[in-house]
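Naming: A, B, ... by sequence-line order, numbering from 1 per chain. Side chains included, hydrogens not; waters and symmetry mates left out as well; all remaining heavy atoms used.
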Amino acid sequence: MRDIKIQVNDLSLYYGEKKALNNITMQIPANKVTALIGPSGCGKSTFLRCINRMNDLIPSVKITGEMLVEGIDIYDKNVDVVNIRKKIGMVFQKSNPFPKSIYENVAYGPRINGLKDKTQLDEIVETSLRQAAIWEEFKDRLDDSALGLSGGQQQRLCIARTLAVSPDIILMDEPASALDPISTSKIEELVHELKEQYTIIIVTHNMQQAARTSDHTAFFYMGELIEMGKTNAIFTKPEKKQTEDYITGRFG
Amino acid sequence: MEHTIDIVENPFSKANNTKGKAIKETAVVGITQIAVILIIAILFVILGIIIYQGRDKFSWEFISSFPTDGMTKGGIFPALIGTFILVIVMSIAAVPFGTITAIYLTEYAHEKSKFAAAVRFSIRTLAVVPSIIFGLFGLGFFIQFVGTGMDSAFNGGELHWGQPNILWASLTMALLTLPVIIVSVEEALKTIPRELREASLALGATKWQTIKKVVFPGSISGIMTGTILAVSRGAGEVAPILFTGAAYYLATLPGSLSDQFMNLGYHVYIMSTQSSDVEKTMPIQFATTLVLLILTLSLNLVAVVIRSRIRRKAK
């Protein structure tokens with residue numbers, strides 16, 4: 001694989017005594033969509049949250065191994081977690097807009113980075129909303145509360161908010177699991193368009209979604225990475241029995 | 001074929017119920033009802049007596065004028081103003097301190113931190129300490145230790161801060177009301193969902209930025225509730241200010257923090273125990289109580305309204 005964005009070496013994660021991720025080694029290619037699939041509790045979301053160090057928030061978590069993003073181990077003690085999270089954006093399972101206006105939601109990231117210039121902020125808000133394909137919908141009501149939007153709109157606003165910080169990598173934790181089919185397909189289209197510029201890693205429960213949106217797929221089971229490869233290959237001729245069983249719906 | 005039903009005893013019949021159970025049920029309901037009625041009755045009797053006895057004296061003039069004729073006539077203006085100053089200075093001291101403590105406990109303290117557990121235990125203990133103990137502490141610590149210390153350091157030993165005044169009384173009262181504020185603010189901070197904090201952190205915000213921009217704005221009403229509850233508690237308490245600043249009678253309003261002050265609760269106490277002429281002061285005493293009650297009840301009402309709004313929002 002050329003253009004490796006993230007190289008994971010022997011990464012293990014413990015919740016107290018319990019080992020939740022077991023010696024994960026994988027490579028995530030740049031400017032591609034990588035899907036993480038597997039049954040509930042297999043560790044795929046936990047793994048995703050390792051990539052932007054969201055697990056730091058849980059006191060009992062201990063992580064060993066390496067997570068190299070562009071060659072730099074993000075768990076190195078010289079690395080500032082705040083800078084990691086600016087570079088690696090995240091979209092959550094449950095859309096979580098701030099109880100502020102649409103504009104303020106998108107401007108939040110740039111603002112906390114110290115941007116005050118109104119013209120620049122306006123520009124970033126517009127570009128981000130355009131990228132998230134909601135500019136046309138929202139441009140006349142930027143001052144409306146984000147809480148009044150539908151679930152699908154909220155989730156796309158959250159994507160725009162993430163884009164406003166101009167990350168390289170976008171992590172998506174089941175971004176469409178709470179949405180109706182139409183909103184889901186809009187999110188999927190968006191993922192497809194965004195991969196030109198971003199490296200996207202998406203956790204999904206939905207097998208079709210993984211097949212439709214991703215270039216590569218990694219199958220997790222019981223805290224282990226069972227198999228990873230081109231999505232086509234994983235879905236047509238998986239090498240491992242467990243992968244095949246899961247994909248064909250024999251368990252999970 | 002003919003359908004037949006076996007005639008059995010009706011399992012739902014009242015007769016099936018054992019007599020004892022029904023009587024017990026009625027008795028329990030009866031006792032709870034009596035208890036409720038009793039509580040309401042007590043409240044109405046108290047309010048009724050106070051309103052009835054104080055109504056004649058209660059007027060704008062009563063609220064806005066100084067006591068006269070050895071406090072057997074006139075109003076309670078200085079006591080009202082003194083109470084206001086007390087709760088304002090107290091809030092200035094207690095609200096920021098309490099809010100910061102609550103932020104530490106909910107946002108920064110490690111889940112299993114022994115220190116945070118000790119802080120929580122201290123707050124709970126503080127909340128149950130009798131208020132007279134706060135008064136004695138204020139006298140010993142603020143006046144005799146801090147105040148006298150300040151006098152010998154800055155005034156060459158001349159007595160200025162080492163005696164009861166508004167500042168020491170307010171700080172003593174602030175200690176008493178701290179637990180109320182901390183608990184209210186903590187409760188409000190906890191209503192901010194984890195998802196919102198994560199959203200902010202995932203955008204590269206620091207913890208403090210997240211608190212400042214997301215958590216804090218969402219908890220403003222909780223901080224207000226805490227403040228109001230603390231103020232209403234502070235307005236009604238007498239014991240903490242007994243030795244730390246309340247005055248029997250002052251001919252003028254206090255002009256600085258180092259002055260003593262009159263206070264509504266203390267005024268009621270004075271009126272009922274130190275009066276030279278009970279017949280004359282009785283109506284004043286009741287009217288003062290009425291003012292104090294109106295003040296604290298309305299403050300509590302506002303707090304209850306805000307709190308119920310927060311709860312609704314949290315759902």
Side-chain angles (χ1 to χ4, degrees), chain A residues 16 45 48-49 51-61 80-100 104-115 128 146-147 154-155 157-167 169-173 178, chain B residues 102-120 185-225 306-315:
Chain A
S45 282
L48 190 78
R49 293 166 72 91
I51 305 175
N52 68 343
R53 289 184 51 178
M54 226 45 189
N55 288 325
D56 287 17
L57 303 175
I58 305 164
S60 61
V61 161
D80 185 357
V81 66
V82 165
N83 292 329
I84 293 293
R85 294 189 188 137
K86 279 175 194 159
K87 209 172 153 64
I88 307 175
M90 188 167 211
V91 177
F92 296 83
Q93 179 172 8
K94 202 176 141 206
S95 61
N96 52 1
F98 299 121
K100 300 170 191 274
E104 283 305 321
N105 262 278
V106 184
Y108 183 89
R111 274 197 209 277
I112 55 167
N113 290 329
L115 185 64
S128 310
L147 299 182
Q154 285 191 358
Q155 194 60 301
L157 177 64
C158 290
I159 294 174
R161 182 176 67 183
T162 304
L163 298 176
V165 201
S166 26
I169 301 168
I170 301 173
L171 312 174
M172 296 187 168
D173 191 357
Chain B
I103 287 178
Y104 165 75
L105 286 174
T106 43
E107 306 295 323
Y108 285 100
H110 200 288
E111 215 175 307
K112 286 170 190 155
S113 154
K114 292 229 166 65
F115 179 68
V119 173
R120 285 211 170 82
V185 177
E186 253 196 293
E187 199 180 305
L189 293 175
K190 279 182 193 150
T191 61
I192 309 297
R194 197 180 56 127
E195 288 84 9
L196 282 189
R197 296 162 203 261
E198 286 191 341
S200 170
L201 293 169
L203 289 166
T206 60
K207 200 159 191 176
W208 175 237
Q209 283 175 322
T210 303
I211 292 170
K212 208 167 53 176
K213 298 210 156 198
V214 176
V215 179
F216 206 66
S219 349
I220 283 294
S221 45
I223 295 165
M224 275 171 58
T225 318
I306 296 179
R307 183 164 281 194
S308 75
R309 282 214 186 129
I310 300 174
R311 294 235 168 95
R312 224 178 303 144
K313 205 178 73 188
K315 282 169 200 161

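- Here salt bridge (Lys or Arg N to Asp or Glu O under 4.0 Å) pairs that include residues 206-221 of chain B, with residues two or more places apart or in two chains, number zero.
- Contact of A/Arg161 with chain B is made through backbone and side chain together, with heavy-atom distances under 4.5 Å.
- For A/Val82, the parts lying near chain B are the backbone and the side chain together; criterion is any non-hydrogen pair under 4.5 Å.
- In terms of non-hydrogen atom pairs under 4.5 Å with chain A, the most contact-rich of B/Leu196, B/Thr206, B/Val214 is B/Leu196.
- With A/Asn105 contributing its side chain and A/Phe98 its backbone, the two residues share a donor-acceptor pair below 3.5 Å.
- For the atom pair CG (A/Leu171) and OG1 (A/Thr162), the distance works out to 9.5 Å, reported to the nearest 0.5 Å.
- With a 4.5 angstrom heavy-atom cutoff, A/Pro167 does not touch chain B via any of its atoms.
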Dump the intermediate steps for side chain to side chain contact (heavy atoms under 4.5 Å, CB included) on A/Leu48 and A/Met90, then the final yes or no.
CA-CA 9 Å; A/Leu48 190 78; A/Met90 188 167 211; 3.8 Å; yes
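- Across B/Arg194, B/Glu198, B/His110, B/Glu195, the residue that shares the most heavy-atom pairs under 4.5 angstrom with chain A is B/Glu198.
- Every residue meeting the salt bridge (charged side-chain N to carboxylate O under 4.0 Å, His left out) condition with A/Lys87, not counting sequence neighbours, appears here in chain and number order: A/Glu70, A/Asp168.
- Proximity to chain A (any heavy atom under 4.5 Å) is shown, for B/Arg197, by neither the backbone nor the side chain.
- Proximity to chain B is limited to the side chain of A/Leu57, based on heavy atoms less than 4.5 angstrom apart.
- Panel note: side chain A/Arg85, backbone A/Asn52; a donor-acceptor pair is recorded below 3.5 Å.
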